[in-house]
Amino acid sequence: MKIYSYRDLSQQKIEEICSRQIADDNLVETRVKDIIATVKTEGDTALLTFASQFDKVNLERLYIGKEELETLAKAIPQSVKNAIDIAYQNIYKFHEAQLQTEAKIETMPGVNCWREARAIERVGLYIPGGTAVLPSTFLMLGIPAKIAGCNEIVVCSPPQNDGKVNTYLAYVATLLGIEKIYLVGGAQAVAAMAYGTATLPKVSKIFGPGNRYVTEAKKQVQNIVAIDIPAGPSEVLVIADETADPNFVAADLLAQAEHGTDSQAILVSTSQTMINATLAAIEQQLANLPRKDIATEAIANSYAVLAETLEEAMIFSNAYAPEHLILATENFEKLIPSIVNAGSVFLGNLTPESAGDYASGTNHTLPTSGFAKAFSGVSVDTFLKKITFQHLSQQGLTNIGQTVENLAEAEGLQAHKNAITIRLAKIKNPSI
Ligand SMILES: NC(=O)c1ccc[n+]([C@@H]2O[C@H](COP(=O)([O-])OP(=O)(O)OC[C@H]3O[C@@H](n4cnc5c(N)ncnc54)[C@H](O)[C@@H]3O)[C@@H](O)[C@H]2O)c1
Ligand SMILES: N[C@H](CO)Cc1c[nH]c[nH+]1
Ligand SMILES: [Zn+2]
């Protein structure tokens with residue numbers, strides 16, 4: 001892990017650090033373009049070929065159906081079943097509260113405007129499964145989709161090497177009432193959901209995180225399908241002062257580093273002693289991690305920044321716009337107002353990011369690569385469209401008529417003006 005002093009960083013270096021660029025980004029872009037083109041022209045045949053090439057499995061069928069999901073689901077240990085059930089309840093509670101009816105607004109007497117939410121009818125959920133199976137992501141996408149009321153939920157996840165899906169995913173499918181999981185991963189899954197194939201239906205919006213191939217594919221299909229957010233390789237930025245525990249900070253950094261070699265784990269601290277102690281704790285904890293190699297590479301690509309004050313640390317954090325921001329300080333309250341860019345925030349020394357990854361209730365599908373500057377994490381809203389309505393009474397039309405006529409006249413759009421004028425004339429003289 002490289003160590004920088006914030007005061008010594010040039011603006012150019014800050015921008016370089018915050019860009020998260022990786023040397024072979026262009027190669028990923030080209031490969032994904034090829035994969036999408038192949039799925040578009042060859043459909044299911046391409047999906048079977050890519051499963052063999054990337055997931056090392058020769059599939060007989062492209063999906064697992066309801067009965068088999070139910071059988072697979074029975075195999076999960078009781079302790080995991082209980083944990084999934086508790087996570088389900090907390091995520092459900094938190095997301096259900098997001099369904100709010102908006103008030104009707106009378107902008108002028110007789111002019112009423114309001115919005116009503118409608119669920120997106122057919123959505124596609126991508127559940128990552130290349131290096132780790134993530135039933136938690138299935139909960140994070142499936143629960144808000146159900147609460148929103150989406151009619152048809154298409155689910156894709158890479159196949160296991162036995163040509164099936166993991167039993168935990170099968171259990172989550174039964175909880176959510178989802179009857180089919182398509183055994184398709186990577187960019188090809190995104191392409192299939194965007195264009196549709198003989199087996200896999202085209203959807204209106206694609207949701208879900210994934211590696212660089214998945215994220216690049218979502219970027220490339222945006223001209224024909226909506227996407228939730230750019231949610232790529234996981235990242236965390238921890239702001240730690242002398243009140244933090246270096247062992248906790250190290251554990252939080254490693255929790256995101258173990259997701260993938262391209263994950264980022266950034267420490268910003270006001271204390272050189274804290275940085276040194278955290279780096280030592282990382283070395284110690286790494287030794288016991290099963291995914292040691294992945295986490296070691298991610299940590300090697302990450303860095304620590306020494307800041308003079310917590311305010312300076314926050315300026316850097318806002319420029320970086322992390323997916324996860326952990327305020328590892330007893331003084332977190334005073335920093336909250338200055339948080340401008342972050343996907344999800346974890347406050348104090350007893351709030352590990354893992355809690356939000358799995359079970360506290362908030363959504364873990366969050367914007368990465370600096371997109372927290374413009375995107376929110378996935379929520380019930382992401383599965384809804386808000387349609388505006390308006391109704392003008394006779395009084396309303398009379399009140400607003402002249403304004404609309406004048407503006408239409410100013411824009412030279414006579415037909416727009418006429419739509420008002422003929423109605424006003426009828427109000428004045430109902431016999432015409
Ligand atoms: N931002 C978020 O909200 C969030 C949430 C959960 C997970 N994640 C991230 O999701 C990612 C999951 O990645 P993963 O790899 O484990 O699973 P994945 O399912 O995203 O990707 C696996 C697929 O990638 C494709 N692939 C792999 N190597 C390829 C290559 N060389 N060329 C073309 N395609 C290739 C294969 O089709 C494979 O099935 C991690 O980076 C994790 O950090 C992000
Ligand atoms: N940290 C991931 C989001 O970047 C989500 C996750 C799933 N499982 C464990 N963690
Ligand atoms: Zn995680």
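Ligands are counted one by one from 1 in listed order, and the atoms in each one are counted from 1 as well.
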Handout entry: For G186, the ligand 1 atoms whose distance to one of its heavy atoms is below 4.0 Å
Key =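 Those of ligand 1 that fall under 4.0 Å from G186 are 23 (C), 24 (O), 25 (C), 37 (O), 39 (O).
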Nearest heavy atom to [atom]: which of [options] does it belong to?
atom: atom 4 (C) of ligand 1; options: C156, A51, P209; value: P209
atom: atom 7 (C) of ligand 2; options: H364, Q256, E353; value: H364
atom: atom 2 (C) of ligand 2; options: M140, H259, E258; value: H259
atom: atom 34 (N) of ligand 1; options: Y126, F50, F371, Y213; value: Y213
atom: atom 42 (C) of ligand 1; options: G343, S369, S234, A217; value: S234

Practice task
Return yes or no for this condition: an N or O of L366 is under 3.5 Å from an N or O of ligand 1.
Solution key: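 Yes, at least one N or O pair falls under 3.5 Å.
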Handout entry: Angular separation of OD2 (D357) and NE2 (H259) seen from the Zn ion (ligand 3), to 10°
Key =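 My answer is 180°, to the nearest 10°.
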Problem - Check: L335 main-chain N/O paired with S338 side-chain donor or acceptor under 3.5 Å - result: yes
Counting each atom of ligand 2 from 1 as listed, which ones have a heavy atom of [X] under 4.0 Å away?
X: E323; value: 3 (C), 4 (O)
X: S234; value: 1 (N), 2 (C), 3 (C), 4 (O)
X: S136; value: 7 (C), 8 (N)

Identify, for [atom], the protein heavy atom at the shortest distance, and state residue, atom and that distance.
atom: atom 21 (O) of ligand 1; answer: N211 ND2, 2.8 Å
atom: atom 38 (C) of ligand 1; answer: D55 OD1, 3.5 Å
atom: atom 7 (C) of ligand 1; answer: L134 CD1, 3.7 Å

Between ligand 1 and [X], can you find any atom pair, the residue atom being a heavy atom, that is separated by under 4.0 Å?
X: Q188; value: yes
X: G232; value: yes
X: G130; value: yes

Handout entry: Side chain, backbone, both or neither: E323 near ligand 1, heavy atoms under 4.0 Å
Key =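 Only the side chain of E323 comes within reach of ligand 1.
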Practice task
For ligand 1, note which part of P158 has a heavy atom under 4.0 Å away: side chain, backbone, both or neither.
Solution key: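 Side chain only.
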Exercise for the section: Using a 4.0 Å heavy-atom threshold (strictly under), name the region of E235 that reaches ligand 2: side chain, backbone, both or neither. Expected result: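 Answer for E235: neither.
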